[in-house]
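The next block holds one structure in the form of structure tokens; read it before the comments.
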Amino acid sequence: MKIAVYGRQFNDLATLPFIQQVFDTLEQHGVEIFVHHQLSEFIAGKINNIPYKVLQSTDKIKGFIDLFLTLGGDGTLLDMVTVIADSGVPVIGINFGRLGFLASINKSDITAAIHAVVNKEYTLDTRTLLSIESDHNVFPDGNFALNDITIHKRDDSAMITMHVFLDGEFLNSYWGDGIIIATATGSTAYSLSCGGPIIFPQSNGIVLTPVSPHNLNVRPIVLPDSSVLSFEVESRSNKYLLSCDSRTAVINKQSRFHVKKAAFGLNLIRLNNESYLSTLRNKLLWGLDARNY
């Protein structure tokens with residue numbers, strides 16, 4: 001089995017023992033280890049010598065790598081989306097961060113999780129991606145997002161106006177700080193913090209959530225993921241931000257762009273002892289009576 005490991009550079013060196021545990025466990029299972037060059041540069045000389053091969057950005061992964069293992073939080077797994085792209089290679093995340101909706105494996109469960117992965121004791125949870133089409137190529141490394149695509153004003157600007165069209169028909173004009181187009185996966189991220197609903201991944205829906213809307217009668221709206229959304233943005237400074245997950249670009253002119261369901265999805269690995277409901281309960285502390293604490 002060929003497993004590739006991906007991660008960012010860590011400021012907290014307390015993560016090194018857990019990274020060592022990951023590599024030790026993979027080696028014990030006889031896995032052929034590939035390490036993304038970004039992580040390889042960080043761990044060089046910091047962990048015990050475990051044989052692995054370096055995976056470059058130009059290397060082919062489809063039909064070669066069996067699965068990706070990410071080390072970090074949800075942001076690290078989101079970074080992986082542009083690496084995996086439309087290859088279909090499944091991914092599982094070990095959470096070194098805080099909440100961990102996507103990277104759901106706790107540091108204390110590393111050994112058990114890798115054992116389950118190597119023995120294929122898991123199911124694949126295919127998640128919808130969103131893609132963005134614009135007049136110019138805003139994100140050359142991939143115009144798709146797993147969580148959300150966001151339009152937002154710049155910090156030093158007044159509110160912006162966003163004219164939204166649904167399948168070619170005018171939907172609404174939003175005045176405010178921005179708007180979030182979130183997948184069901186992203187409904188528990190930025191959209192949730194702005195008052196958006198939680199959407200189950202099997203619901204085949206996306207949610208349009210305004211950010212600090214000036215027209216107070218506007219509320220989040222859930223749409224079928226077959227929808228094509230078009231946007232025209234007006235800004236007093238003619239500059240605003242456009243984001244695909246953790247990647248952000250400054251738009252310097254008025255332009256029209258479209259958001260729709262991507263032609264491919266992302267395969268998340270869900271261990272047999274996990275479920276979406278258990279993740280919600282654990283991360284959002286549902287069902288926990290803290291009144292006596």
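Below, each value reflects all heavy atoms present in this structure, side chains not excepted, and no hydrogens, waters or symmetry copies.
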Decide yes or no on side-chain contact (heavy atoms from CB on, under 4.5 Å) for Thr25 and Val31, but give the supporting numbers first. CA-CA 9 Å; Thr25 307; Val31 170; over 6 Å; no

With a 4.0 Å cut-off on N to O distance, would you call Lys261 and Asp225 a salt bridge?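 Salt bridge present between Lys261 and Asp225.
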
Any ion pair linking Arg247 and Asp245 (charged N to carboxylate O, less than 4.0 Å)?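 The answer is no: the pair does not qualify as a salt bridge.
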
Could you go through the salt bridge (Lys or Arg N to Asp or Glu O under 4.0 Å) check for Lys2 and Asp66 one step at a time? CA-CA 5 Å; Lys2 297 182 177 68; Asp66 293 307; 5.8 Å; no

How long is the straight-line distance from [atom2] of [Y] back to [atom1] of [X], given to the nearest 0.5 Å?
X	Y	atom1	atom2	value
Thr123	Ile269	OG1	CD1	9.5 Å
Leu208	Ile221	CG	CD1	7.0 Å
Tyr240	Met162	OH	CE	10.5 Å
His36	Ile61	NE2	CD1	9.0 Å
His37	Thr58	NE2	OG1	8.0 Å
His152	Ser212	NE2	OG	7.0 Å

Is the distance between the ring centroids of Phe264 and Phe144 under 6.0 Å? yes

Is the distance from the ring center of Phe68 to that of Tyr6 below 6.0 Å? no

Joint hydrophobic cluster, [X] plus [Y], side-chain heavy atoms closer than 4.5 Å:
X	Y	answer
Phe10	Leu78	no
Leu129	Ile181	no
Val91	Leu69	no

Could you go through the side-chain contact (heavy atoms from CB on, under 4.5 Å) check for Glu133 and Arg256 one step at a time? CA-CA 9 Å; Glu133 298 175 358; Arg256 186 180 178 113; over 6 Å; no

Residues Asp24, Gln28; criterion side-chain hydrogen bond (donor to acceptor under 3.5 Å, both in side chains); working and verdict: CA-CA 6 Å; Asp24 288 342; Gln28 290 168 11; 5.8 Å; no

Does the side chain of [X] reach to within under 4.5 Å of the side chain of [Y], using non-hydrogen atoms?
X	Y	result
Val207	Asp148	no
Phe231	Ile179	yes
Thr279	Asn282	no
Leu229	Ile206	yes
Thr70	Ile92	no
Phe96	Thr76	no
Ile33	Ile3	no
Tyr190	Val211	yes

Determine whether the side chains of [X] and [Y] contain a donor N or O and an acceptor N or O closer than 3.5 Å.
X	Y	value
Ser243	Thr248	yes
Asn95	Ser104	no
Thr185	Arg127	yes
Thr126	Asn267	yes

Contacts under 3.5 angstrom, residues 47-56 side chains, donor-acceptor by atom type, not counting sequence neighbours:
unit_1 : atom_1 : unit_2 : atom_2 : d
Tyr52  : OH     : Ser40  : OG     : 3.2
Lys53  : NZ     : Glu32  : OE2    : 3.1

Only one of Ile199, Ile198, Asn147 forms a side-chain contact (heavy atoms from CB on, under 4.5 Å) with Thr188, so which one is it?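 That would be Ile198.
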
List the atom of Phe42, the atom of Lys46, and the distance in Å for their closest heavy-atom pair. O-NZ, 2.7 Å

Verify, without hydrogens or angle tests, whether Ser87 (side chain) and Ile84 (backbone) share a donor-acceptor contact under 3.5 angstrom.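 It does hold such a pair.
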
Can you list the steps and then say if Leu102 with Leu268 is a side-chain contact (heavy atoms from CB on, under 4.5 Å)? CA-CA 8 Å; Leu102 298 174; Leu268 284 179; 4.0 Å; yes

Please test Ser191 against Cys194 for side-chain contact (heavy atoms from CB on, under 4.5 Å), starting from the C-alpha separation and ending with a verdict. CA-CA 5 Å; Ser191 175; Cys194 292; 6.0 Å; no

Under the 6.0 Å and 45° cation-pi test, does Lys107 pair with Phe18?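 The answer is yes; both the distance and angle limits are met.
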
